[in-house]
Structures are given as structure tokens and as C-alpha cells.
Amino acid sequence: MQHEPVDGTAAGADDTMGAVDDDFQWETVPDDLRDNETFMLAVRDIVGTCPFDFSINVINIYTLVTTANIHSAATIETAAEALVLSGYLGATPHSPTIAISLSTLELYRRLRLRKPSLSIEAFAKVICDLYHWPYRRRYRTALADTFDIYLTIHRNVDAQVSKALRHDTENWRVLNACPPCTYELKDEPELIYRRMIVFDGNNSLSRMAPLGGREVGDTRKFHSDYYLEPDYIDVYVSQSNALSSDDKNPTSHMPTGEDPGSSNTSQPTSACTDTWKAAAADAKKKSWGIFEETGVFASACRHGLILWIADMIRSGELFKYPLAIVSRALETLGPRLLIGYDVGCKLAITIASSALAQKFVDAEYRMCVDAFHGYTHSYACQDKNHPNVINGMGIEDLATMERIFSSSNQLAAVTRYASGFNRRVYIDSFFKQWDEDKYLNLGNMLYRNYIQARQIIDEQQIAVQEAKISLGISDNDIKTWSLEQSHYLATAGHEVEWDIHAVAYVELLQKLREARAAAENASTLFLNATPVNYKFVTPSTTSTSHYATNLSQTRKLETQRRHTNERYDSILQDVVALELKMGIVRRWEPADQQYLATLKYMSQREYHHTLDNLQRLVVLRLFELHKLNISQTGYRMRTHIAKSLQTRCKAIQNAVKSYNTAALALDPPAPTLDWSKVSHYNFLEEFVLLRETRQDIHSKRWAEPVVREVMKQSLRIERAHEEIHRCNVESRRLHTSIIDEERHFVSDPLSGALEEFCQRRRRINAHVLARLQDLYSLDGFTGCSTPGVSKNAQDVAQTSVDLQPLVDLEHQSVEADENNDCEGLEEDDVTAGEVGGLLNYISELPS
């Protein structure tokens with residue numbers, strides 16, 4: 001059936017006026033006024049406090065009806081109330097001309113939660129297609145206005161549910177949303193770090209600034225417990241600027257590379273982070289002026305649940321944003337936190353010079369870098385701050401924010417031109433759904449981490465033990481060599497002060513000899529230009545002579561001689577000044593031992609330059625490979641990156657050739673490289689070992705490739721054992737939290753939205769418990785399979801609860817999924833995006 005849009009409400013007004021005429025015996029309205037829609041709507045508003053029935057144009061995606069008869073009762077005071085009770089929501093609070101069914105709005109809300117990029121305009125076009133209407137912008141406007149009110153109603157309902165459950169206290173979400181992190185139990189084993197959190201910035205969720213200084217129509221302010229407000233963040237503006245990217249080694253010490261309770265006065269050099277945008281001086285972090293909000297800076301726990309979000313307002317990724325989050329964590333989350341950030345080493349230096357320094361140390365917090373970005377830091381930094389070397393880290397890679405932003409990037413299409421209020425509404429709704437999904441996945445995450453840790457132990461421990469026996473090394477040897485390696489890495493590549501002055505001195509001596517030779521040559525040329533039959537010529541003489549004919553040439557030679565002598569004198573002054581500074585009594589000659597040693601050292605500089613260039617190109621290759629794996633990277637962008645990588649590969653090949661030339665020029669020659677080896681470099685330690693030429697490390701056992709691999713695998717096994725320990729603790733916390741929450745649900749009568757929330761939460765908890773029972777049934781599970789007692793629990797008799805029937809249903813559902821022959825054939829959106837990026841990359845690689 002063809003449905004035609006009807007935009008007026010004359011029929012509804014006629015029904016209303018007819019009812020008024022009949023019930024109240026008012027004077028009949030003249031026909032010309034009955035045709036005036038504005039007048040009739042005004043009359044309807046005036047008599048809105050009385051019982052009335054009316055008709056209105058509606059949109060219902062399920063029934064495709066175009067009009068609805070709204071029947072009101074004596075207790076109904078407004079048309080808006082009558083519409084809601086009939087299952088519709090008007091597009092305006094007064095005199096609505098069109099209404100949209102609540103079921104249609106709920107469908108769109110659910111679709112937006114699962115596909116954030118679905119815009120209101122796209123959904124309005126879908127509705128028009130189903131109704132066989134041509135698309136009109138007024139439908140989009142009506143849907144937008146109605147959906148805005150619908151979301152407001154939902155937020156109010158959620159607030160009432162939270163109040164009924166006593167979840168509305170300050171910071172309740174941060175302190176309770178992730179039970180494995182927060183639900184600490186009595187008599188549970190101690191963890192080195194109570195909690196792991198990560199944060200990072202992302203510029204996808206930017207919003208255009210009003211053009212031409214125009215006033216913004218929507219001036220509403222959206223507040224959420226996810227957001228840190230700008231006033232709170234701006235407190236740390238001056239503190240984030242206290243340390244520029246060129247500053248190093250503040251006097252305050254910060255435990256960036258040690259376990260809690262120990263201090264580490266050595267700071268990471270800026271070399272590993274100066275090329276990062278996030279680590280640059282704040283004055284250099286510019287942003288396009290066309291954006292009001294340039295993105296978000298978000299934080300989350302290791303399980304992926306969001307902690308806080310901050311809008312980056314007309315700026316890049318300034319350090320004030322992570323400083324504000326660290327401050328809020330110090331106020332809220334308690335002691336012993338491990339914090340991951342892509343430039344965590346640099347942020348630790350900034351914190352050490354800020355007002356948070358002492359609190360940070362007292363709370364035994366520690367900064368580190370995430371696994372992927374850590375591999376692009378200097379290896380000296382990796383040796384202290386990479387997750388693989390941190391005690392208590394487990395197998396966590398701290399790449400949580402990368403996965404979060406990969407999903408939240410879908411919002412960019414709908415936030416770019418939204419109002420500030422609506423942008424925050426969309427982001428808040430997205431992260432609420434994200435948290436709900438991550439909570440549902442908690443049992444599965446612990447289960448998979450446990451299996452992964454067990455596989456590392458079972459598969460690698462035997463091989464490492466056999467390697468130790470065959471190499472004749474022990475655990476003590478590995479610990480000793482690790483310390484030696486750390487000491488070497490802390491000093492590798494650094495020139496001592498004497499070397500720097502010696503190089504400058506020899507360079508000046510070389511310039512002095514060149515200048516002296518040039519001066520002597522210029523003097524010789526000038527003297528040779530003197531005529532053989534030279535005679536003094538007085539100024540009064542007007543006769544032309546051979547001297548006068550070559551006057552111009554002679555003057556040029558005289559000027560050249562003067563300039564070369566002046567350059568020689570200038571360099572000689574610098575040489576004398578440096579000799580006085582260095583205490584050199586006799587000027588070095590080319591045959592002197594000091595001169596030859598320094599000259600050899602200088603020849604190694606070219607080697608270091610070529611190695612730096614090669615390392616830079618490989619790091620860029622790692623970044624571009626990572627970019628290819630990011631979901632939502634478009635085809636054109638992936639094609640561009642693939643072509644860039646093809647060019648990069650050629651540049652790396654040329655850099656390898658230059659490196660080999662410089663390596664062979666050394667005495668003795670340094671190891672050469674081949675393209676096939678460099679193209680697979682994923683770690684910077686290979687470059688560090690190549691870099692050192694002042695001392696021979698080839699005799700060190702820890703420099704042997706096979707020994708280094710054993711040291712790596714030993715660390716990996718230690719981290720796996722730590723992961724087992726943490727999973728044992730976190731799984732029991734999660735189990736106890738679910739049981740205690742169910743006791744809370746049954747303690748009070750439930751109804752309405754509260755009952756709906758509790759029913760859904762029970763099904764989610766049953767799903768999580770089913771996965772925890774799978775974890776408990778694993779061979780080699782070493783934890784406790786029964787719930788514990790919360791540290792905050794009161795000493796009262798606990799109500800018995802039974803979720804096992806729901807858990808059994810979840811097991812049956814899982815078994816049905818596993819028996820589905822089609823399982824595994826469908827790829828999710830993220831996997832499809834990553835595979836597509838890799839395929840494009842591979843297709844563009846040079847043969």
C-alpha cells in the first residue's frame with residue numbers, strides 16, 4: 001500500500017474542536033477560522049487541560065501507519081503526555097504536528113549503539129524508503145528532535161535506576177564498574193600492582209568550530225561522570241609546560257623503571273621520545289583552527305572499561321590531559337597503580353617536575369610504555385619501561401586504547417558537525433555501550449589470558465631449560481647478564497666529555513692546516529704576480545705601465561691573500577683557546593697517539609650516521625605497518641601507505657648499502673647487514689648492539705644471539721606465571737562481585753525499569769559465570785573456584801542465591817554455537833578491516 005505523507009493536523013484539530021463544542025457547548029467556530037491551522041492548534045493548547053481525543057501524523061517503522069488516533073483520559077493534561085501513553089513521542093513539546101513511535105526510536109537507539117556511524121539522516125532515508133516517500137529534510141529534523149528528547153528520557157530513567165540501586169554516589173562507576181580491578185577480597189594474595197590503567201589521545205572525534213564567529217544555537221551543556229571538565233584540566237597547563245622536550249634529568253627522582261618501593265634516579269634520555277608528537281614540547285603541539293574539539297584523551301583499565309575522558313580543546317595532545325587523569329587517579333583509585341602511555345617515559349619526567357611528584361612517589365605509582373610503541377623507543381628505555389621487563393606486569397600489552405579508538409573512530413562521521421552537546425551525548429552513549437560489552441567479555445578475557453599464559457609456560461619452559469643446560473648457564477647467570485646489559489645500554493652510544501672536546505680540537509687542527517695551506521698558496525700567487533722589472537710608481541705619474549695594466553688582477557690576489565690570512569688567524573685563536581681549556585701544552589701533531597686515536601673515533605661518526613638513518617627508516621616502516629592494521633583506515637589511505645612502504649623499502653635498501661660501506665671502512669670492520677635481515681627487524685636492540693664501537697662486546701655472553709633469546713624467553717615465562725597469579729585473583733573477585741550483586745537484587749522488590757535492568761544484568765552475569773566455570777575446569781587451574789568475601793562486606797548473614805539455572809542455559813547456548821557448522825565463516829568488522837589492510841599492503845610490496 002502506498003503511504004502519502006501528511007504534515008498537517010487539521011483533522012486532529014477538527015476532532016478536538018468538535019469534542020469541545022459537544023462537551024462544553026461553546027459557540028461554533030466560524031469556518032474561515034477552522035481553516036486556520038495556527039488558530040486551531042492554539043485552541044487545542046488552550047483546552048489541553050481538558051479530556052480530548054485527536055489524530056496526528058505518525059511514523060512507525062513496524063506498522064507503517066501514517067496517522068494515529070490518540071485517546072486521552074481525564075487525568076491527561078497535555079498532548080505530549082497523551083502521545084507517550086499511546087506509544088509515541090511528539091517532535092515538539094507543544095502542538096506537535098508529527099509523532100514517532102517509541103519502538104522506532106528505540107530501534108534507532110539500538111542501531112546507533114551497535115553501529116555508531118549510522119546517522120540520523122541515513123535512518124530517516126530508510127524510513128522514507130519503507131514508506132515509499134521521497135526524502136524530505138523535515139523528516140530528518142523531526143527524527144533528530146524527537147530522538148534528542150528520547151535520549152533525555154532514557155538518561156533520566158537510568159539515573160533513577162542508579163539511585164534505586166545506590167549506584168549514584170560520587171565516583172561509583174570508576175570504583176565499581178570493573179570488578180576484577182576493584183572488588184578486592186579479604187585474605188586474597190597480594191598483587192605487585194593493584195590496578196593497571198592506560199591512556200592515550202585520539203583526534204578522530206573532532207568537531208568543527210563555528211565559522212565566521214557565528215553564535216551556536218545549541219548552548220546546552222552535557223555533564224557525565226565519564227568526562228573531566230576543562231576547568232579541572234586547565235589547572236595543569238603550567239605544570240605540563242614546566243619541562244620542555246629538550247630538558248632532561250630533573251633533580252626529582254621518579255620510579256619509572258623499578259618495582260614499587262624502590263627509587264630510580266636515572267631518567268630516560270629524550271632520544272627515545274623527541275620524535276613523538278605526544279612527547280614534543282606543548283608549544284609545538286599545534287592544531288587546526290577549524291576544530292573546536294580536536295579529539296579526546298581517554299583512559300581505561302587493562303580490561304578495557306573506560307575510566308575518564310577529556311576533550312582536547314583547540315590543542316594537540318598536551319601533557320595537561322594525562323596529568324589531569326593521573327591527578328584524578330591519585331584522588332580516587334588508591335596506591336600501587338601501573339600506568340601505560342605511548343610516551344610514558346617522558347611523562348614520568350614531567351610528573352617529577354610537577355606538583356604531583358610527591359603524591360606519585362608516595363602512592364607507589366609507576367609509568368611505562370605499551371608493548372607496540374615500546375618497540376620504537378630506544379632500547380635503553382625499553383630495558384626499563386617495556387611491559388616484557390616489568391615485574392608484576394603479566395602478559396598484558398597495554399594496547400587497550402588502540403583497540404578502543406579503533407572502534408570509537410566510527411563516531412567521527414556523526415560528531416564532526418554536531419553541536420557540542422550532541423557530540424558529548426554520542427560519545428557518552430558509545431562508551432556506556434562499550435563498557436557493557438567489556439563487562440560481558442570479562443570472563444572470556446580471563447579465560448583466554450589464562451590459556452595463553454599456560455601455553456607459554458607449557459611450550460617454552462621445557463625448551464628454555466634444555467637451552468640453559470646445553471649452554472651451561474643458570475638463572476643467576478641470566479640475572480647477572482641482565483644487569484650487565486642494562487648498564488651497557490645506559491651508556492651505549494654516549495660520547496664522554498673528553499671525546500667531544502678531542503674531536504672538536506682535531507677538527508680545528510685540520511681546519512688550521514687547511515687554512516695555513518690556503519694562506520701560503522694565496523701569498524705565493526700574490527708574490528708571483530709582482531712584475532720582474534718592478535719600479536716604484538709615484539701617484540703623479542700618468543704613464544701606463546705593465547703594473548697598471550694588471551692592477552685589477554693584483555687587487556683580487558691581494559684580497560684573497562688577506563682573507564685567507566684572516567681566516568687562518570681566526571682559527572688559530574680558536575685552537576689556542578681550546579688548548580688552554582683542555583690543558584694541552586704542546587700542540588698535537590698528525591703522528592701523535594692522541595691525534596690518531598681521535599681521528600679513528602671521528603671515522604666512526606659516519607658509521608653512526610648511516611646506522612641512525614637505517615634505524616629511522618625501519619621505525620617508520622613499523623609505524624606504517626601498524627597504521628595498516630587500524631580498523632576504519634580507508635582504501636585510499638591504505639593504498640597510499642602501501643605505496644609509501646614500497647618507497648620506504650627501496651630507501652632501506654639504499655641505507656643498508658651506505659651502512660655496509662661505512663662499516664667496512666672501520667678498523668676493524670663492523671658487521672655488515674643484508675636486506676632480508678633488516679626487513680624483518682622488529683626490535684631496536686639489534687641497532688643498539690651494532691652501534692657500540694668503543695668497546696668490544698662480542699666476548700660478552702649476553703651479546704650472543706642464542707643467549708639473548710634464552711634471556712627473552714625466560715622473561716616471557718616469568719610474565720606468564722605472573723599472569724596466572726593475577727587471573728587467579730581477578731577471577732575470584734569477579735565471581736564474588738556477581739554473587740554479591742545478585743544478593744543486592746533479591747534484597748529489594750523490583751518493578752518497571754529497575755526490574756528490566758536487573759533481569760538483563762542477571763543474564764549477563766550468568767554468561768560471565770559460565771565462562772568462569774570453564775576457567776575453573778581447565779587442567780592446571782591453580783586458583784579458587786568458590787567466591788570470597790569483599791573487604792567492604794559487613795559481618796551479617798549472607799542471603800543464599802542461585803544463578804546456576806541461568807548459567808546452565810548459557811552453557812547450552814555456547815554448545816549450540818560450537819556445533820553450528822557456519823561458525824567461523826563470518827568475519828567481524830574489525831577483522832575484515834585488518835585483513836583488507838594487510839592484503840593491500842602485500843599486493844603493493846616490491847617483488
**OP:** Quick one: do Val296 and Met312 satisfy side chain to side chain contact (heavy atoms under 4.5 Å, CB included)? Show the steps, please.
**Re:** CA-CA 5 Å; Val296 296; Met312 296 191 295; 6.0 Å; no
Under 3.5 Å: donor-acceptor pair, side chain of [X], backbone of [Y]:
X: Tyr236; Y: Ile325; answer: no
X: Ser162; Y: Asp158; answer: yes
X: Arg416; Y: Ser204; answer: yes
X: Ser299; Y: Trp308; answer: yes
X: Asn441; Y: Asp437; answer: no
X: Gln759; Y: Glu756; answer: no
X: Ser354; Y: Leu356; answer: yes
X: Ser327; Y: Leu323; answer: no

Could you check if a side-chain atom of [X] sits within less than 4.5 angstrom of a side-chain atom of [Y], using non-hydrogen atoms only?
X: Arg195; Y: Leu333; result: yes
X: Ile306; Y: Lys438; result: no
X: Pro96; Y: Leu83; result: yes
X: Ile153; Y: Leu89; result: yes
X: Val58; Y: Ile100; result: no
X: Cys181; Y: His303; result: yes
X: Phe757; Y: Leu165; result: yes
X: Ile313; Y: Thr294; result: no

**OP:** Kindly determine whether Phe54 and His71 satisfy side chain to side chain contact (heavy atoms under 4.5 Å, CB included), including the steps that lead there.
**Re:** CA-CA 7 Å; Phe54 61 93; His71 302 283; over 6 Å; no
Whether [X] and [Y] hold their rings parallel, tilted or perpendicular, with breakpoints at 30° and 60°:
X: Trp133; Y: Tyr131; answer: parallel
X: Phe123; Y: Tyr108; answer: parallel
X: Tyr321; Y: Phe297; answer: parallel

Could you state the interatomic distance from [atom1] ([X]) to [atom2] ([Y]), rounded to the nearest 0.5 Å?
X: Leu105; Y: Tyr88; atom1: CG; atom2: OH; result: 11.5 Å
X: Leu130; Y: Tyr62; atom1: CG; atom2: OH; result: 11.5 Å
X: Thr141; Y: Arg137; atom1: OG1; atom2: CZ; result: 5.5 Å
X: Arg140; Y: Ser119; atom1: CZ; atom2: OG; result: 8.0 Å
X: Ile197; Y: Met401; atom1: CD1; atom2: CE; result: 10.5 Å
X: Ile427; Y: Trp434; atom1: CD1; atom2: CH2; result: 14.5 Å

Subject >> Qualifying residues under ring pair (Phe, Tyr, Trp, His ring centres under 6.0 Å), relative to Tyr426, sequence neighbours excluded >> reply: none
List the atom of [X], the atom of [Y], and the distance in Å for their closest heavy-atom pair.
X: Ala300; Y: Ile404; result: CB-CD1, 3.7 Å
X: Ser224; Y: Asp428; result: OG-OD1, 2.5 Å
X: Glu402; Y: Asp200; result: OE2-OD2, 3.8 Å
X: Asp218; Y: Ser419; result: OD2-OG, 3.2 Å
X: Leu113; Y: Ser429; result: CD2-O, 3.7 Å
X: Leu305; Y: Leu442; result: CD1-CD2, 4.2 Å

Original post:
Does any pair with a residue in residues 168-181 pass side-chain hydrogen bond (donor to acceptor under 3.5 Å, both in side chains), and if so which ones, sequence neighbours excluded?
Top reply: Arg173-Asp225
Cation-pi between [X] and [Y]: NZ/CZ under 6.0 Å from ring centre and within 45° of the ring axis?
X: Arg761; Y: Tyr439; answer: yes
X: Arg220; Y: Phe421; answer: yes
X: Arg762; Y: Phe745; answer: no
X: Lys125; Y: Tyr135; answer: yes

Original post:
If you count the non-hydrogen atoms of other residues, nucleotides and ligands that lie under 6.0 Å from CD in Glu229, is the total more than 12?
Top reply: yes
Quick one: do [X] and [Y] make a salt bridge, cutoff under 4.0 Å?
X: Arg424; Y: Asp311; answer: yes
X: Glu436; Y: Lys432; answer: no
X: Arg207; Y: Glu292; answer: no

**OP:** Would you please test Ser55 and Thr67 for side chain to side chain contact (heavy atoms under 4.5 Å, CB included) and show each step?
**Re:** CA-CA 7 Å; Ser55 296; Thr67 60; 5.5 Å; no
Does the side chain of [X] pick up a donor-acceptor pair with the side chain of [Y] at under 3.5 Å?
X: Gln160; Y: Asn156; result: no
X: Arg403; Y: Ser406; result: no
X: Tyr150; Y: Asp145; result: no

Subject >> side chain to side chain contact (heavy atoms under 4.5 Å, CB included) between Leu151 and Arg109, intermediate numbers included >> reply: CA-CA 8 Å; Leu151 290 180; Arg109 188 180 76 89; 3.9 Å; yes
Original post:
Looking at the rings of Tyr227 and His223, which for Trp means the six-membered one, are their centres under 6.0 Å apart?
Top reply: no
